[in-house]
Protein chains: 2
Amino acid sequence: MRRKSFEGMTCPIARSLERVGEWWSILILRDAFLGATRFEQFQKSLDIAPNMLTRRLAALVEAGLLERRRYSERPPRDEYVLTERGRDFRPVLWSLLAWGNKHFAPEGPSVVIVDGETGAVADPVLVDRATGRPLTSPPFRTRRLRPATQETADV
Amino acid sequence: MRRKSFEGMTCPIARSLERVGEWWSILILRDAFLGATRFEQFQKSLDIAPNMLTRRLAALVEAGLLERRRYSERPPRDEYVLTERGRDFRPVLWSLLAWGNKHFAPEGPSVVIVDGETGAVADPVLVDRATGRPLTSPPFRTRRLRPATQETADV
DNA sequence: GAATTAACTTGCATGATGATAGTGACGCGC
DNA sequence: GCGCGTCACTATCATCATGCAAGTTAATTC
């Protein structure tokens with residue numbers, strides 16, 4: 001049964017999930033951030049079936065998060081490189097990391113974010129860029145500017 | 001075919017995705033944050049099949065993000081309420097929102113984060129709590145403190 | 001030609017998915 | 001008491017996604 005698309009929704013979260021919301025997709029991006037580019041690197045680190053990896057890599061390329069790039073002409077060999085859009089996904093990934101460390105690491109964190117220069121462990125918090133205030137609710141909240149679904153007339 | 005579990009991975013991102021990584025799960029959480037608690041509210045806002053909603057709600061309750069709570073004894077009726085763990089998911093959700101607004105809103109954002117008191121639109125950025133520095137790479141990076149997979153002897 | 005490597009592709013059985021009808025536990029009105 | 005409506009699921013079914021594992025292709029090396 002084909003999965004129901006979120007494409008008809010205008011919500012930015014839904015639109016993001018339409019592109020990264022399938023099982024394996026975000027983990028592939030995690031590994032791309034960790035430097036993986038080759039098919040076999042992803043396959044080994046994720047222990048994922050090759051046909052699933054092929055499908056997900058193609059979807060991420062299609063969504064503009066990864067770029068397929070030729071690294072060998074004979075034999076023809078491609079690698080997968082993060083695009084700027086892909087790199088902009090980092091705050092989502094690190095928010096997930098922080099949340100996982102807080103709630104699902106009874107034995108303590110296995111991965112932390114550190115300042116590469118000092119080695120100090122960072123504690124991520126989402127703030128407003130202009131004021132530096134943490135985005136807590138209250139006072140911050142979401143506000144809809146447009147209808148939740150696209151009218152068919154928009155097509 | 002049963003989806004391959006990430007449970008054997010120690011990475012906090014993988015552990016987070018084990019609990020919220022299925023299609024629909026994060027969108028259900030989005031709607032919980034928007035105030036939905038009743039089965040029918042979720043079903044209507046998401047246009048999701050009732051059997052899928054039941055499955056996903058049960059998984060989110062099992063994962064400790066939502067709590068099932070009786071709101072009527074006769075007839076017996078339950079609602080689904082965010083737990084603290086569920087509420088702690090907000091930065092992930094808002095990071096996804098910001099990323100979606102930047103990359104998948106050609107017609108401009110349909111949902112924004114605002115200061116509820118002033119109405120000013122916020123621009124989310126992930127920073128280190130202690131220093132206020134944006135978590136960009138470089139200088140920030142991840143660092144592994146434990147092996148990527150659990151040894152079977154740990155079971 | 002055989003062996004090896006890397007990157008897929010293919011075939012198959014099983015579980016997930018979504019559409020939709022059905023069920024159960026009420027409460028309410030006639 | 002019966003019928004209807006409401007809410008929250010449950011059950012059924014056909015189709016697609018999934019993972020396992022073998023296979024294929026385009027090379028290179030010996």
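Chain A is the first sequence line, chain B the second, and so forth, proteins listed ahead of strands; every chain is numbered from 1.
- If you find the closest nucleotide of DNA chain D to A49(A) and to E40(B), the one lying nearer the 5' end belongs to E40(B).
- Between the side chains of T131(A) and D128(A), at least one donor N or O lies within less than 3.5 Å of an accepting N or O.
- Candidate nucleotides dC16(D), dT10(D), dC8(C) were compared by shortest atom distance to the side chain of M1(A), and dC16(D) ranks first.
- The CZ-C1' distance, from R56(A) to dC8(C), rounds to 16 Å in whole Å.
- Spacing between atom CZ of R55(A) and atom P of dA17(D) amounts to 5 Å, rounded to whole angstrom units.
- Considering only the side chain of Y71(B), dC7(D) comes nearest among dC20(D), dG18(C), dC7(D).
- The interatomic distance linking E79(B) (CD) with dA8(D) (C1') rounds to 13 Å, in whole Å.
- Across the interface with DNA chain C, nearest-nucleotide mapping of R38(A) and M52(B) shows R38(A) to be the residue nearer the 5′ end.
- For Q43(A) and dA6(C), the CD to C1' distance is 10 Å, given to the nearest whole Å.
- At a threshold of 4.0 angstrom between heavy atoms, the contacts of F42(A) with the nucleic acid are absent.
- Distance, E22(B) CD to dG15(C) P: 15 Å, rounded to whole Å.
- At dT18(D), none of the side-chain N or O atoms of W24(A) fall inside 4.0 Å of OP1 or OP2 (strictly under the cut-off).
- The distance from atom CZ of F39(A) to atom C1' of dA26(D) is 16 Å, rounded to the nearest whole Å.
- Atom pair L53(B):CG and dG18(C):P shows a separation of 11 Å (rounding to whole Å applied).
- Within 4.0 Å (heavy atoms only), R77(A) reaches at least one base atom of the nucleic acid.
- Computed from coordinates, the I48(B) CD1 to dA16(C) C1' distance equals 13 Å when rounded to whole Å.
- Between the side chain of N51(A) and the base of dC20(D), a donor-acceptor pair under 3.5 Å is found.
- With dA25(C), dA19(C), dA8(D) as the choices, the nucleotide that has an atom nearest any side-chain atom of P76(B) turns out to be dA25(C).
- With respect to E107(B) and R15(A), a salt bridge is recorded, a charged nitrogen being found less than 4.0 Å from a carboxylate O.
- Taking hydrophobic clusters as Ile, Leu, Val, Met, Phe, Trp and Tyr residues chained together by side-chain heavy-atom distances below 4.5 Å, F89(A) does not share a cluster with V125(B).
- Comparing R68(A) and R3(B) against DNA chain C, the residue whose closest nucleotide sits nearer the 5' end is R68(A).
- Contact annotation: R74(A) side-chain N/O to dA26(D) OP1/OP2 distance is not under 4.0 Å.
- With a 6.0 Å cutoff to the six-membered ring centre and a 45° limit on the axis angle, R56(A) does not count as a cation-pi contact of F42(A).
- A salt bridge is absent between R38(B) and E40(B): the closest approach of a Lys/Arg side-chain nitrogen to an acidic carboxylate oxygen does not fall below 4.0 angstrom.
- Residues R2(A) and P75(A) each lie close to DNA chain D; by heavy-atom proximity, the contact nearer the 5' end of the strand is made by R2(A).
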